[in-house]
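The structure appears below as structure tokens.
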Amino acid sequence: MTRLYFYMALAAVAALLAAAVFVLAKTVSKKNRRIKELEESVKRQNRSIGFLLKHSSELAEISRGKDELIKKIQESKSDEDVADIVSGIIELNNGRLCDASKG
């Protein structure tokens, strides 16, 4: 009879351990899924940051170009000089638009 109680207790402990392992496995599985979701989120955010960095450097380049063009316009001596500068601006902007539509 004592052995029967011992085996019953052993079976109960084994069942509790199995339940604990099952719960832990489920928890680890959920955590792994969440980690993968977060990794994907970080990848998307890194791509967005890359696009923003590229865009900000392009804006800085445009700003530098704008300052140079204003200086050229102020230093121009005739309407032809201004027309040439404006033509250059139009060509530059058209080139930017073509580049933007490609990628």
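Please read these numbers as outputs of a predicted model, since none were measured by experiment. The residues of the chain are indexed from 1 along the displayed sequence.
One finds the CG atom of D84 at 11.5 Å from the CD1 atom of I73 (value rounded to the nearest 0.5 Å). Distance check, rounded to the nearest 0.5 Å: CZ of R64 to CG of L59 gives 10.5 Å. To the nearest 0.5 Å, the span separating CD on Q45 from CG on L52 amounts to 11.5 Å. Between the OG atom of S76 and the NZ atom of K71 there is a distance of 13.5 Å, given to the nearest 0.5 Å. For the atom pair CD1 (I89) and NZ (K72), the distance works out to 9.0 Å, reported to the nearest 0.5 Å. Put simply, CG on N46 and OG on S41 are 9.5 Å apart, with the number rounded to the nearest 0.5 Å.
Looking at residues two or more places apart in sequence or on another chain, you find a side chain to side chain donor-acceptor pair (under 3.5 Å) between R33 and S29.
Of the possible polar contacts, none joining the S63 side chain to the A60 backbone as a donor-acceptor pair under 3.5 Å is found.
Linking ILVMFWY side-chain heavy atoms closer than 4.5 Å, directly or via other members, places M8 and L17 in two distinct hydrophobic clusters.
Taking a 6.0 Å sphere around CG of D67, one finds it holds more than 12 heavy atoms contributed by other residues, nucleotides or ligands.
Checked for salt-bridge contact, E37 and R34 meet the test: a charged N lies under 4.0 Å from a carboxylate O. We find that E39 and K36 are not joined by a salt bridge, their nearest charged nitrogen and carboxylate oxygen being 4.0 Å or further apart.
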(request) Decide side chain to side chain contact (heavy atoms under 4.5 Å, CB included) for H55 and F51; before the verdict, give the C-alpha distance in whole Å, the side-chain angles of both, and the deciding distance to 0.1 Å. (result) CA-CA 6 Å; H55 184 65; F51 290 134; over 6 Å; no
